[in-house]
Structures are given as C-alpha cells and as structure tokens.
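Read through the structure below, which is laid out as structure tokens, and then see the notes.
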Amino acid sequence: MAQASQEFGEWPLKRLMTEVVGSGPKSADDMSREQAREAFQRILAGEPDATTLGAFWLANRWKRNNPEELAGYTDVMREESVVTAEPEADPVDCGANYDGKHSSAVLGVGAGLVAAAAGTPVVVHSGDRVPTQKATAYKHVLDELGIRTDLAPEESADMVDETGFGFYYQPAFNPGVHDLYDRRDQMGVRTFVNTIETVGNPANADVHLGSFYHLAFAKKLTDLIRESDHLDYSRAIFFQGMEGYDDIRPGYTKVAEWNGGEELEDYEIETAEYGMEMENEDLEVDDVTADSATITEEVLTGERDDHFADAIALNGAFRMYAREDVDSLEAGLERARDVIADGSAEAVLEDLRAF
C-alpha cells in the first residue's frame, strides 16, 4: 500500500477540484490517466483531508468517470493495494457489487458451487457490509453456511484448487481499499471505488463475470479492462443482475459479452425459454443472509425443487458458459442439474466446510 511519505506529482486533489473536475456535471473536464493515477495514489496514502476527499469523490460522481480515469484508478489499486494469489486452476472471477443485496436471495454461492462441481472453478470476492448499502454479500452467506471466510489470499487460492470454489476477503487481499471504509461510509453515496473494487481480480483470473444496471455501464467496464495495464482478462460477461448483483434476474435479462480484440456483443436471456416461469418477487426473501444460506443448502442437497433451484442451476450454467466449458446455456443447465442430482454439488459444499 502507498505510504504517506511518498512523493507525488503536481496534482493534489484540491487542485484537481479547482482546475479540472470540480466545476459541476456539465462543465467539468475529464482527467488525464496520469492525473487519475496520482489522485488515487494520494487517496490510498491517506494524504487528502476528509473534506477534500469527499468533494473529489462527489465531483467524480457528478461528472461520471470515463474508462481512462477508471483504468488509472484500477491500475493504482492493483499496484499498491491488491495482493494476488493465483491458484493452479483458472477460475471465473465473480466480482459482484460489494455493497450487497437487500431483498432477494444471493444465488451466486449456490451457482458457484454447482459450477465447481461441474468442473468450472469459480472465485468470488467481497468485503463485509460495504457502503453504501452495507447489505448481504458473498461473505455473509458463506459465514452462515459454516465456511471460513477470514482467509489470507494464499489460503483462498488453496481453497480454489482443493474444492473448485474460492473466496477472497477484501480486507486481506485489498487492504488499501478496505482502509477507506470509514470515509466511504460517511459519504452516503456510492463512489468510483464501488466500481473498481469489483475488478480487483485477486486470483488473476482470465474470465470476469459481473453485473450492470445499464448497458452503457457494461461498455464502460469493458473499455476499462481494455485500457488497464494490469487487468489481463481475455473475456468478460456482464448482465443486468438482480439488485445489481451477479444473479440473473427472472424474465428478461440483458447480457453484454466481450472477448479481447472484439467489439462488445449484447443479447437477451428470457428465463421462460428454459422452462422457468418466475418473477423477481418469487426470489425475494425475508432475511437475505439466513434465507440465502438455507436455500443454497436445500438446493444443493436436492431437498428443494422450485424457482430457487431453477435460478441457481441457471446461474451455475452461466458460469460454465462464461468460461466456455459448455457451448450453450442449455448444455450448462443440463450439466448443472446433473451435478445437483448426483450429489456432486453437495460434496463441494462439504469440502468447503472442511477446508
């Protein structure tokens, strides 16, 4: 992580506010890549006072960061904060919105375990009640299932290789960003940190699976990947997930697929085409943490055959498709249902509990 005594360039955040980004959403200018890099170096070093940092974050939110700025922030994060630990397996990197979900079940744990049982290794990463929502994320469902989450990055990599599924904990692999927690919490609104932390890629995975609210944001994220000097994804798939998470929503879902060197391709998924007649309300729960864990275990053990079982199977299939381990979602869905039926998915859950 950056040190407060390090030397910087000529662009403290106050000067960037006055001369570049701080004149409002319509008249503000974009920063150069080097200006964005210096800004985040100063932030990680703890150099700006709380007022200046808050103003800078808010100005960036008003004007909206372009991919070059986001790539600059991301590269500094990867250089100065992220501790990588690469498993021998080449997993799908699932970087859902860190601030979690409030009303619908977190399906990504079950989906990841199903994919792992089918031979598609999966990595998920999250923090603990991250601002602004501070809602249920991967860590909380795994905790509820009795799976260790307070892991050093090297342990997370071992978890992937031993079980096919691995969890990386933000305070351990991205301590510089974790140290910003209190200041982010005081903001009351999301900042660009909420965007870049999802592509921390602690396992150095080749494939990224993420989510977006609008298609233009998916384009911005794939452009970020293309611009970055430190993200080596060759393939990325984003979709309009439930509550912004990496869970395919019932009904209509927009998908954006990117392969290195190619233009972004977008298409739609209709869950009804896979025999799944359900609505968003069908996947809502009362206690997101406890109910998500219960649902996950009941689906993996074959005790549950309902909308949640369909949704976990479909999301598991999508992880297989993202890594190109199956040719189609139909093939992945068949494979997902097979590994649930034959007990392989439940076995991954037990391996994780024993890790």
Side-chain angles (χ1 to χ4, degrees), residues 2 9 11 13 16-17 20-22 25 28-45 48 53-82 84 93-99 125 127 130-132 170 173-174 176-178 180 183-184 187 189-202 204-205 207-241 244 246 256 258 260 263-264:
W11 290 96
L13 266 61
L16 285 170
M17 286 293 299
V20 186
V21 301
D29 292 324
D30 293 325
M31 289 174 284
S32 69
R33 187 190 191 92
E34 285 307 312
Q35 287 171 329
R37 282 182 54 86
E38 182 179 338
F40 204 51
Q41 286 171 337
R42 290 174 180 270
I43 291 169
L44 288 178
L53 177 57
F56 182 77
W57 271 338
L58 195 57
N60 275 258
R61 181 178 174 89
W62 281 339
K63 85 168 193 65
R64 299 182 181 179
N65 288 121
N66 64 24
E68 185 179 17
E69 292 168 328
L70 291 172
Y73 297 147
T74 299
D75 285 345
V76 169
M77 178 181 71
R78 289 272 297 177
E79 292 164 5
E80 301 191 5
S81 179
V82 172
T84 60
D93 172 59
C94 296
N97 287 338
Y98 271 43
D99 58 359
H125 41 98
V130 170
T132 55
Q170 185 182 53
F173 83 84
N174 199 352
V177 165
H178 175 68
L180 297 173
R183 290 194 178 189
R184 293 171 67 186
M187 282 294 296
V189 295
R190 290 166 63 88
T191 72
F192 62 74
V193 181
N194 290 80
T195 297
I196 65 172
E197 66 190 349
T198 66
V199 289
N201 195 16
N204 285 334
V207 177
H208 177 74
L209 183 69
S211 63
F212 63 86
Y213 286 101
H214 304 289
L215 185 60
F217 186 71
K219 177 67 164 61
K220 182 178 291 189
L221 285 174
T222 54
D223 286 345
L224 180 168
I225 293 169
R226 186 183 289 110
E227 290 275 352
S228 170
D229 292 332
H230 294 292
L231 290 179
D232 295 325
Y233 298 126
S234 66
R235 176 171 165 82
I237 298 182
F238 297 92
F239 55 84
Q240 285 179 305
D246 55 7
W258 174 83
E263 292 299 314
L264 188 70

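For reference, positions follow the sequence shown, starting with 1.
Closest non-hydrogen pair, Phe40 versus Val76, comes out as CD2-CG1, 3.9 Å. Nearest heavy atom pair, residue Arg33 against residue Ala71, reads NH1-CB, 3.9 Å. Here the shortest heavy-atom pairing between Asn194 and Pro131 reads ND2-O, 3.0 Å. Residues Met31 and Asn65 share a closest heavy-atom pair of CE-ND2, 4.4 Å. Across all non-hydrogen atoms, the minimal contact from Ala218 to Ala256 is CB-CB, 3.8 Å. Residues Val82 and Pro202 share a closest heavy-atom pair of CG1-CA, 4.5 Å.
The distance from the CH2 atom of Trp11 to the CD atom of Gln35 is 5.0 Å, given to the nearest 0.5 Å. One distance of note links OG1 of Thr222 with CZ of Arg235; it measures 13.0 Å at 0.5 Å rounding. The structure places CG of Asp229 at 11.0 Å from OG1 of Thr74, a figure rounded to the nearest 0.5 Å. Rounding to the nearest 0.5 angstrom, the gap separating the OH atom in Tyr98 from the OG1 atom in Thr195 is 12.5 Å. For the atom pair CD1 of Ile237 and OG of Ser211, the computed distance is 13.0 Å after rounding to the nearest 0.5 Å. Rounding to the nearest 0.5 angstrom, the gap separating the NE2 atom in His208 from the CH2 atom in Trp258 is 11.0 Å.
The main-chain N or O of Phe212 is never found under 3.5 Å from a side-chain atom of Gln240 such that the two would form a donor-acceptor pair. Proximity of a side-chain donor or acceptor of Arg61 to a complementary backbone N or O of Phe192 within less than 3.5 Å is not detected.
Using a 3.5 Å distance cut-off with no hydrogens or angles, the side chains of Asn174 and Arg78 do not pair a donor with an acceptor. At a cut-off of 3.5 Å, with distance as the only test, a side-chain donor of Tyr73 or Asn60 sits close to an acceptor on the other residue. For the residue pair Asn201/His230, the side-chain donor-acceptor check at 3.5 Å is not satisfied.
A salt bridge is absent between Lys220 and Asp223; no separation between the charged side-chain nitrogens and carboxylate oxygens falls under 4.0 Å. A salt bridge does not link Asp99 with Arg184: none of the charged nitrogens is closer than 4.0 Å to a carboxylate oxygen. Under 4.0 Å is where a charged nitrogen must lie from a carboxylate oxygen, and between Lys63 and Asp29 no such pair does.
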**Request:** Applying side chain to side chain contact (heavy atoms under 4.5 Å, CB included), run through Leu221 and Phe238 and close with a yes or a no.
**Result:** CA-CA 9 Å; Leu221 285 174; Phe238 297 92; 3.6 Å; yes
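The residue from Glu227, Glu68, Glu79, Glu69 that alone fulfils the salt bridge (Lys or Arg N to Asp or Glu O under 4.0 Å) condition with Arg37 is Glu79.
Side-chain contact between Val199 and Asp93 is absent, with no heavy-atom pair separated by less than 4.5 Å. For the pair Trp57/Trp62, no side-chain contact is recorded, criterion being any heavy-atom separation below 4.5 Å from C-beta on. Looking at Val207 and Tyr233, their side chains never come closer than 4.5 Å, going by heavy atoms from C-beta outward. The closest side-chain heavy-atom distance from Glu38 to Leu16 is not below 4.5 Å. Looking at heavy atoms from C-beta onward, His125 lies out of side-chain contact with Gln170 at the 4.5 angstrom threshold. Side-chain contact between Asn204 and Asp232 is absent, with no heavy-atom pair separated by less than 4.5 Å.
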